[in-house]
Amino acid sequence: MFPGDPDPESDLIARARSGDQDAFAELVGAHADRVYAALRRFGLDGGEAEDVAQEVFVRAWRGLASFQERAQLSTWLYRIAFNEAQRRLSRRGPPLAERDLEGENSVEAIAEASNLGPEARALDREFEAVLERALSELPVEWRAAVVLRDIEGLSTEDASAVVGVRQAAFKSRLHRGRMQLRSLLEPYLGFEAG
Amino acid sequence: MSAYLDGELASRARDRMQRHTGECPGCRGVLNTLRRMLGRLGVLPPPSGAPQASDIAAAVRARLPEHNSS
């Protein structure tokens, strides 16, 4: 792409706004993986995340006229996804993570996972499973902050806009989420005091 | 510490943090594990069992006319 060339995504957005459903389907294809992954990590299971991902894009289609192109499409989609995930999670009653957060069971379970032997510990996949499990232990708001900032790679400004809070409040959630996550992972990560 | 790792501290606060973690093994340990953890979070693969993006696109595409006409 050369300077001055139209951004391909802007072109697709413009076409979708004029009613071109094929153009919109291209946008869905480009963003579906990230939306689905974020929904899973916000706390939805696989089936829910797939349903909600579809709902996110259907809502985006309906709301395209109100989409401000100053924002990135991905940030806007994360915002819809976050709101939809919150709606689903609120129907479940108190989140498991908040019920168990102060308990020892979750931490012990992660510590057990770290005791599977040096060979197993060396496996990235095992650590990834432990990390995902620890993430699921965080309170919903802290988890969302970590997911958006540290996994999805949004800026603090964009991530705070997604969850609808001021940057200072977002940074506080992020810090608490990171520290809690580190605490849960401590038996696995070990200390590197040197 | 979080703001330090994100490069969001002003220079004086950053200098204080560097001095402190240079002298305090406990805080240096926390900082190191945080740094390692953030490194791993940044390269986490997609959750297992993810549907194909093209399947989601097709399912959404099939739902659009219905919603469009409502």
Side-chain angles (χ1 to χ4, degrees), chain A residues 19 21-22 24-37 39-41 45-47 49-51 53-62 124-125 127-129 131-132 134-135 146-147 149-151 153 156 171-172 174-179 181-182 185-186 189-194, chain B:
Chain A
Q21 296 187 349
D22 291 332
F24 187 71
E26 274 194 59
L27 290 169
V28 175
H31 290 273
D33 286 344
R34 292 174 76 185
V35 167
Y36 174 86
L39 288 167
R40 287 289 303 276
R41 289 176 173 137
D45 65 33
E50 192 166 348
D51 288 347
Q54 290 182 27
E55 189 59 33
V56 166
F57 288 110
V58 171
R59 283 178 181 269
W61 168 257
R62 290 176 184 159
D124 277 355
R125 290 186 65 181
F127 184 77
E128 286 160 10
L131 194 47
E132 294 277 10
L135 195 61
V146 172
V147 167
R149 187 73 172 83
D150 296 333
I151 300 179
T156 299
K171 285 179 187 178
S172 170
L174 179 64
H175 178 69
R176 289 170 160 204
R178 284 173 173 174
M179 294 306 281
L181 191 60
R182 192 204 77 89
L185 292 170
E186 192 178 299
L189 286 168
F191 277 109
E192 292 184 332
Chain B
M1 216 170 251
S2 209
Y4 173 73
L5 288 169
D6 288 336
E8 292 176 347
L9 285 186
S11 60
R12 286 179 70 172
R14 189 178 61 236
D15 291 347
R16 271 203 308 277
M17 176 66 77
Q18 285 172 341
R19 259 199 315 278
H20 179 71
T21 51
E23 295 163 356
C24 173
C27 288
R28 188 164 62 245
V30 172
L31 192 65
N32 284 341
T33 48
L34 271 176
R35 195 176 272 130
R36 284 180 62 194
M37 182 185 84
L38 294 182
R40 298 302 297 261
L41 285 171
V43 295
L44 262 187
S48 59
Q52 294 289 322
S54 57
D55 290 344
I56 293 181
V60 170
R61 177 77 172 76
R63 289 176 62 178
L64 293 185
E66 181 191 340
H67 285 280
N68 219 17
S69 60
S70 63

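Remember, predicted model here, so these are calculated numbers, not experimental data. Chain A is the first sequence line, chain B the second, and so forth, proteins listed ahead of strands; every chain is numbered from 1.
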Quick one: pull up [atom1] in [X] and [atom2] in [Y] and give me the separation to the nearest 0.5 Å.
| X | Y | atom1 | atom2 | answer |
| --- | --- | --- | --- | --- |
| A/L181 | B/M37 | CG | CE | 4.5 Å |
| A/R41 | B/L44 | CZ | CG | 5.0 Å |
| B/D6 | A/H175 | CG | NE2 | 11.0 Å |
| B/M1 | A/M179 | CE | CE | 6.0 Å |
| B/R63 | A/E55 | CZ | CD | 5.0 Å |
| B/R61 | A/W61 | CZ | CH2 | 8.0 Å |

Sort [X] into side chain, backbone, both or neither according to what part of it lies under 4.5 angstrom from a heavy atom of chain B.
| X | value |
| --- | --- |
| A/R34 | neither |
| A/R178 | both |
| A/I151 | both |

Shortest non-hydrogen contact between [X] and [Y], atoms and distance:
| X | Y | result |
| --- | --- | --- |
| A/D33 | B/P51 | OD1-O, 4.2 Å |
| B/A57 | A/A25 | CB-O, 3.6 Å |
| B/P45 | A/E132 | O-OE2, 4.3 Å |

For chain B, which candidate among A/V56, A/D150, A/V146, A/L27 shows the most heavy-atom pairs at distances under 4.5 Å?
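The answer is A/D150.
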Can you find a heavy atom in the side chain of B/I56 that is under 4.5 Å from one in the side chain of A/V35?
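They are not in contact (no side-chain heavy atoms under 4.5 Å apart), so the answer is no.
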Side-chain atoms of residues 8-25 of chain B: list all donor-acceptor pairs with protein atoms under 3.5 Å, sequence neighbours left out, distances to 0.1 Å.
unit_1	atom_1	unit_2	atom_2	d
B/E8	OE2	A/T156	OG1	3.0
B/Q18	NE2	B/Y4	OH	3.4
B/T21	OG1	B/M17	O	2.9
B/T21	OG1	B/Q18	O	3.3

Side-chain donor or acceptor of A/R182 paired with backbone N/O of B/L31 under 3.5 Å:
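Answer holds: no.
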